[in-house]
Each structure stands twice: as C-alpha cells, then as structure tokens.
A.B. asks: 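Structure below; questions to follow.
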Amino acid sequence: MPVRVRMAPSPTGLLHIGNVRTALFNWLYARHEGGEFRLRIENTDTSREVAEAVDHIQESLRWLGLDWDGPHTFQLDRIDDCRRVAEQLVAEAKAYEDEGAIRFRMPDEGSTGWDDVVRGRVEIPNETIEDLVLVRSDGRPTYNFASPLEDVWDGITHVIRGEDHISNTPKQINIIRAIGAEPPVYAHVPNVAGADGKKLSKRHGAVTVAEFRRDGYLPEALLNFLALLGWAPDGETTIMDREELVRRFELTRVSPSSAQFDYAKLDWLNGMYMRALSPQELAHRLVLWLGENGYDWDAELVARTAPLVQEKISRLAEFPAFAGFFFGEVEPDAGNLDGGGPMLAAAEEALASLEPFEAATIESALRGKAEELGLKPRQAFQPIRVAITGSKVSPGLFESIELLGRETTLSRLRAARAAF
RNA sequence: GGCGCAUUCGUCUAGUGGCCUAGGACACCGCCCUCUCACGGCGGCGGCACGGGUUCGAAUCCCGUAUGCGCCUCCA
C-alpha cells in the first residue's frame, strides 16, 4: 500500500515552528517513500479559529518548499459524516447520549496498545481512558472523533504527530476499531522545547515561520536545522540539502526524546548556507528580503555589495545594519575617531587623485600613508572605517571605499574631520 | 493525584553487548590568519542521571529510584 501521510494543523494563528518540524518529518517520509503528503485543516473548534490562519499556514509551507498533494481539506466539511457515524455508534450501543452530547463507550478492561515506529510498543490500561465526547451538545464533532475518522476516510497509512498525542492514541484506536476499520501506523515524534526545556514559546525567541523569515533565515537552512531536531542520518553529517534529506530520511531513526531549539546553531547553519550561495543568488535573496521588509534599496547596488558581506553576516536581516552605509548617509561617532585626525587628512590627500580608484590601489596608497605617519595598520584604518561606514565593524575597508566611489569617500572623510 | 513518554558533553546527536581510555557538530576558551568584524585553520574544556541486577564483558539488556515533559477539556 502506498504511503499517505498528512499534516493537520488547527487554524488558530501563525504556523508554529514545532508544527513545522512535525510537518517536515511527514513530508520527508512521504517523499522518501514516494507517497503522498496531505494538508488537512482541523477547524472543528470554530471559536478559536483565526480568519487569516489558513492562508498563513499555506504561505509558510510554500516558503519552506513543503508541497502537499491534492487540495487541502477542512475538517468542518465532514461534520455531517461525523454525526452520522456517531448516530450509528449510538444505534449499536457503542456510544450513548449524555446531556445532549454523544459519548463513546471505552472498554473498561484490558488495554489498548500499538507499535509506535518511534517508541516501540505502547500499552495503555483501558480503565484509565474516559468515555470521550464524540459530538458536542451543539452538534459539532470533537477533534478526537473527527481526526481518526478522517484518517480512515483519507486512507492515511501513517500518522506522524507530536508526542503530546500519545495519550489520545488509544482513544482514537478504539474509535477506529468501533467503525470496523484498521488503525494506521503511528509514529509519535518528540516535541521541540526552548532552552529551558519548556514548551517553545515567544519568550525563547522566534517561534513562527513568519518570524524566522523576517529574521532573515534561509528556508533551506531552517529546514536542514529542523530535520536535525530529533533525527540524524549518522553521527557526522550536519549539512544536507533538501534532496539529501529526502534520500536519507528514515522514520525509524527518529529519536524518542525531546530536543531543545538551539538558536545559536541555527545562526551558524544559516551562515553556512549563505556563504554557499553564489553572489548573484545571495543578492537575489537580499533584494527579496529587503522588499518584504520595507526597504526600497537599489537592487543593483545590493548586488554589488553582496560579495562584500557574504562572509560577514549570518542572517539576511543583518544586512541593513552592516551595509546600510552604502545606501544612505552615516553619522560617525566622534568618540570612535579619537586620534585619527592626521590619518583622515592623509587619506583624503591620498585618495583625491588616485588612479585607478580600486581596492588594490586604495589599499597600497593608504598603507603608504600609514607607514609615513608611523601608524600600525589597525590604528590607521580604524578612524577611516568609522568615517566611511559610521561603525567600528564593517565589510573590507578598501573594497568598500572602491564601491562607495571617490566623491562619497572624500566627503565622508571631510565630514569626519569636521566633527573634531 | 492518575496514566504515559523520556533521560549520552551546556545544546543537537553517533552509539543497538566487546571496534568506547564514548565519536561528530554548535556554543565556550586559547593560538594562528588579519584593516575591524567575520570566515578559515589548529588545539582545549566538557557527557553515558543514580542504584541494583543479567553477563567473561553494559552507554547498550532487565528492575527500581530520581528528574523532566506530555495528557487527563463538550481544546486541537
């Protein structure tokens, strides 16, 4: 039987990164097995539904490149089917009415178990399972009723979901058996926690896909990082592109213990991906990011600065602060210029008529002046850097000067001298 | 409280009875490179939760304890 899995988010807001990790495992498994990955919106709790959520979820998945098969479906569309099944169960005395709601009669003795792909055999005593509400008194089916029913109707072969659903599983298995169907294979993947071991939330940093995107992470880097949270192909490999991830992913190698989200490692990995991009591609990503975040910066100039920042920043969002001096005026902090007066004057003199005005000639001219003044390179160049870029940290100075051009360079040097 | 799940360096992990004086990566520290910051290179610090078994031999198997997490909603 071909593999068919699904992602079943509830439309209550932006897509949480923990849900994405679970979705990724589903997607990787489906693609690895040549099966299908479906998207189902679990919207039976209309009171919590957020209007734009469905669009947000799809946009986030698309940005990450997690494509789903077929149209997305809504749980609410099958509300009548669910109700019919509930009535049938009542007719068969497998369920009963309770203050307007319909409850399922769980077995009282023995236990309900399954062979979890990630955890092995899990066995829950039936006496600890409550008779669960299938249909609310207002007629809407509950999640624990609708979800397993839809899994059956959709022909889902493997339910890959978070470990917080472990205790729901015996309930759902009993419902599936009650309607005479065969339960799917279950795989409960570990949760993703924050640095304190608690559920990943806002206070830990970015948690929604939209936030990671805004913070300048590359989707392929985020995907690579997420895949490694609870799974590893071996003990060595860290960087894997989408193709390799799909090729090597094994559900049976997913770890049963929960993992903490390490933002520092994500930053490192994102930097690795940014450096691996061609300068043209990096420029393209930067232009897109800038556009999405309200910067109306010249695309051609962005393309020319991209090579200068490629090894310096690890997220797209660092670009404005790091390379903004190419796109607008600077206000050097006079405190960072101290003692640089003579060198600034010397630089102005050296660059005024330098030909050609290129990084190599600029460098040798400035080094010559530094030597004349008896200054160490660091002492000599730092005031120039501050004057030109407005910061003590910047891309390579000589390349930056070349790109900035003679006119702008000289005027910034003059402005800095005037600041004394 | 009940039930369940989990437990290898600070973090992500490799490890399925001898290849482990436990390997890799991030972070951290030091050195090198160097116009700043990075990148890169080299080196260092650092771990099998605890206690019992089983076995010639256990990070690996079993039991218990501890700790963490999840669920116990007419939420999903």
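FYI, side chains are in, hydrogens and waters are out, and symmetry mates aren't considered; it's all heavy atoms of this structure. A, B, ... follow the sequence lines: proteins, then strands. Residue 1 opens every chain.
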A.B. asks: How is A:Gly396 classified with respect to the nucleic acid when contacts are heavy atoms under 4.0 Å: base, sugar-phosphate, or nothing?
C.D. replies: base
A.B. asks: Specify the closest pair of heavy atoms between A:Arg247 and A:His32, including all atoms of both residues, with the distance to one decimal.
C.D. replies: O-CE1, 2.9 Å
A.B. asks: May I ask you to decide if the ring planes of A:His188 and A:Tyr186 are parallel, tilted or perpendicular, using 30° and 60° as cut-offs?
C.D. replies: parallel
A.B. asks: Look at the side chain of A:Trp268 and decide which nucleotide, out of B:rC37, B:rC26, B:rC35, has an atom nearest to it.
C.D. replies: B:rC26
A.B. asks: For A:Lys198, report the nucleic acid contact type (base, sugar-phosphate, nothing); a contact means any heavy atom under 4.0 Å.
C.D. replies: sugar-phosphate
A.B. asks: Expressed as a whole number of Å, how far does the P atom of B:rU34 sit from that of B:rA25?
C.D. replies: 25 Å
A.B. asks: Take atom C1' in B:rC29 and the same atom in B:rG10, then report the distance between them in whole Å.
C.D. replies: 14 Å
A.B. asks: Determine the interatomic distance between C1' on B:rC56 and the same-named atom on B:rC48; round to the nearest Å.
C.D. replies: 22 Å
A.B. asks: Given B:rG4, is OP1 or OP2 found less than 4.0 Å from the side-chain N or O atoms of A:Arg119?
C.D. replies: no
A.B. asks: Between B:rC12, B:rA76, B:rA38, spot the one nearest the side chain of A:Thr142, thanks.
C.D. replies: B:rA76
A.B. asks: Of the candidate nucleotides B:rC12, B:rA38, B:rC35, which contains the atom at the shortest distance from the side chain of A:Pro377?
C.D. replies: B:rC35
A.B. asks: Under 4.0 Å between any heavy atoms, over every strand shown, what does A:Arg275 touch: base, sugar-phosphate, or nothing? Just pick one.
C.D. replies: sugar-phosphate
A.B. asks: Going by purine N1 to pyrimidine N3 plus the second Watson-Crick contact, or the G-U wobble pair, all under 3.5 Å, which nucleotide sits opposite B:rA58?
C.D. replies: none
A.B. asks: Considering every strand shown, what is the Watson-Crick or G-U wobble mate of B:rG70 when both distances are under 3.5 Å?
C.D. replies: B:rC3
A.B. asks: What nucleotide among B:rU36, B:rC72, B:rG70 has an atom nearest to a side-chain atom of A:Asn191?
C.D. replies: B:rG70
A.B. asks: Atom CE of A:Met272 and atom P of B:rC39: how far apart are they, to the nearest Å?
C.D. replies: 10 Å
A.B. asks: Looking at B:rU34, I'd like to know if its phosphate oxygens (OP1 or OP2) sit under 4.0 Å from a side-chain N or O belonging to A:Arg378.
C.D. replies: no
A.B. asks: B:rA76, B:rU36, B:rU7: which one has an atom nearest the side-chain heavy atoms of A:Arg136?
C.D. replies: B:rA76
A.B. asks: Verify, without hydrogens or angle tests, whether A:His16 (side chain) and A:Ser201 (backbone) share a donor-acceptor contact under 3.5 angstrom.
C.D. replies: no
A.B. asks: Run the side chain to side chain donor-acceptor pair (under 3.5 Å) check on A:Asn270 and A:Ser314 step by step: do they pass?
C.D. replies: CA-CA 6 Å; A:Asn270 202 63; A:Ser314 60; 6.0 Å; no
A.B. asks: Paired with B:rG51 by Watson-Crick or G-U wobble geometry, both distances under 3.5 Å: which nucleotide is it?
C.D. replies: B:rC63
A.B. asks: Among B:rU7, B:rC5, B:rU13, which nucleotide has an atom closest to any side-chain atom of A:Val122?
C.D. replies: B:rC5
A.B. asks: Please state the P separation for the pair B:rC9 and B:rG51 - nearest whole angstrom.
C.D. replies: 16 Å
A.B. asks: Nearest-Å distance, CG (A:Leu134) to P (B:rA76)?
C.D. replies: 12 Å
A.B. asks: Using a 4.0 Å heavy-atom cut-off, does A:Phe225 contact any base of the nucleic acid, only the sugar-phosphate backbone, or nothing at all?
C.D. replies: nothing
A.B. asks: Reckon A:Glu363 touches a base, only the sugar-phosphate, or nothing at all at heavy-atom distances under 4.0 Å?
C.D. replies: nothing
A.B. asks: Does A:Asp77 reach the main-chain N or O of A:Thr73 with its side chain, forming a donor-acceptor pair under 3.5 Å?
C.D. replies: no
A.B. asks: For a quick check of understanding: with a heavy-atom distance under 4.0 Å over all strands, which category does A:Ala264 fall into, base, sugar-phosphate or nothing?
C.D. replies: sugar-phosphate
A.B. asks: Are there more than 12 heavy atoms of other residues, nucleotides or ligands under 6.0 Å from atom NZ of A:Lys199?
C.D. replies: no
A.B. asks: Applying a 4.0 Å non-hydrogen cut-off, can you work out what A:Asn43 is touching in the nucleic acid: base, sugar-phosphate, or nothing?
C.D. replies: nothing
A.B. asks: Whole angstrom is fine here: how far is it from CD in A:Gln260 over to C1' in B:rU7?
C.D. replies: 12 Å
A.B. asks: So what does A:Thr128 hit on the nucleic acid, given a heavy-atom distance under 4.0 Å: a base, only sugar-phosphate, or nothing?
C.D. replies: sugar-phosphate
A.B. asks: Checking all strands, does A:Asp267 fall into the base, sugar-phosphate, or nothing category for heavy-atom contacts under 4.0 angstrom?
C.D. replies: nothing
A.B. asks: Select one nucleotide: of B:rC71, B:rC37, B:rG4, the one nearest the side-chain heavy atoms of A:Pro125.
C.D. replies: B:rG4
A.B. asks: How far, in whole Å, is B:rC62 from B:rA6 if one measures between their P atoms?
C.D. replies: 11 Å
A.B. asks: Is the base of B:rG4 stacked against the aromatic ring of A:His188, taking ring centres under 5.5 Å apart and planes under 30° as the test?
C.D. replies: no
A.B. asks: For A:Phe327 and A:Trp297, take the angle between the two ring planes, folded into 0 to 90°, and tell me which bin it lands in: parallel under 30, tilted 30 to 60, perpendicular over 60.
C.D. replies: parallel
A.B. asks: Between OG1 of A:Thr409 and CD1 of A:Ile388, what distance do you get to the nearest 0.5 Å?
C.D. replies: 4.5 Å
A.B. asks: Give one of base, sugar-phosphate or nothing for A:Gln379, where a contact means two heavy atoms less than 4.0 Å apart.
C.D. replies: nothing
A.B. asks: From C-beta outward on A:Ile166, which listed nucleotide comes closest to its side chain: B:rG4, B:rA6, B:rC74?
C.D. replies: B:rG4
A.B. asks: I want to verify a distance call: between B:rC72, B:rC74, B:rC39, whose nearest atom is closest to the A:Lys171 side chain?
C.D. replies: B:rC72
A.B. asks: Is any side-chain nitrogen or oxygen of A:Arg385 closer than 4.0 Å to OP1 or OP2 of B:rU36?
C.D. replies: no
A.B. asks: Select base, sugar-phosphate, or nothing to describe what A:Ser394 touches, counting heavy atoms under 4.0 Å on all strands.
C.D. replies: base
A.B. asks: Over all strands shown, is A:Arg253 touching base, sugar-phosphate only, or nothing at heavy-atom distances under 4.0 angstrom?
C.D. replies: sugar-phosphate
A.B. asks: For a quick test of reading the model: is some side-chain N or O of A:Arg367 closer than 4.0 Å to OP1 or OP2 of B:rC35?
C.D. replies: yes
A.B. asks: Considering only atom P, compute the distance from B:rA38 to B:rU21 and round it to an integer number of Å.
C.D. replies: 39 Å
A.B. asks: Output the rounded distance in Å from CG (A:Asp196) to C1' (B:rU11).
C.D. replies: 13 Å
A.B. asks: Take atom CD1 of A:Ile124 and atom C1' of B:rC3, then tell me their distance rounded to the nearest Å.
C.D. replies: 7 Å
A.B. asks: Side chain of A:Phe398 only, please: which of B:rA14, B:rG23, B:rC35 is the nearest?
C.D. replies: B:rC35
A.B. asks: Using the C1' atom in both, what is the distance from B:rC19 to B:rU36, to the nearest Å?
C.D. replies: 48 Å
A.B. asks: Under 4.0 Å, counting only non-hydrogen atoms across every strand here, what does A:Leu397 touch: a base, just sugar-phosphate, or nothing?
C.D. replies: base
A.B. asks: Distance only, no hydrogens: is a donor on one side chain within 3.5 Å (strictly under) of an acceptor on the other, for A:Asp234 and A:Thr237?
C.D. replies: yes
A.B. asks: Can you tell me how far C1' in B:rC39 sits from the matching atom in B:rC50, rounded to whole Å?
C.D. replies: 44 Å
A.B. asks: Under 4.0 Å between any heavy atoms, over every strand shown, what does A:Ser147 touch: base, sugar-phosphate, or nothing? Just pick one.
C.D. replies: nothing
A.B. asks: Using whole Å, what does the distance between atom P of nucleotide B:rC75 and atom CG of A:Asn168 come to?
C.D. replies: 13 Å
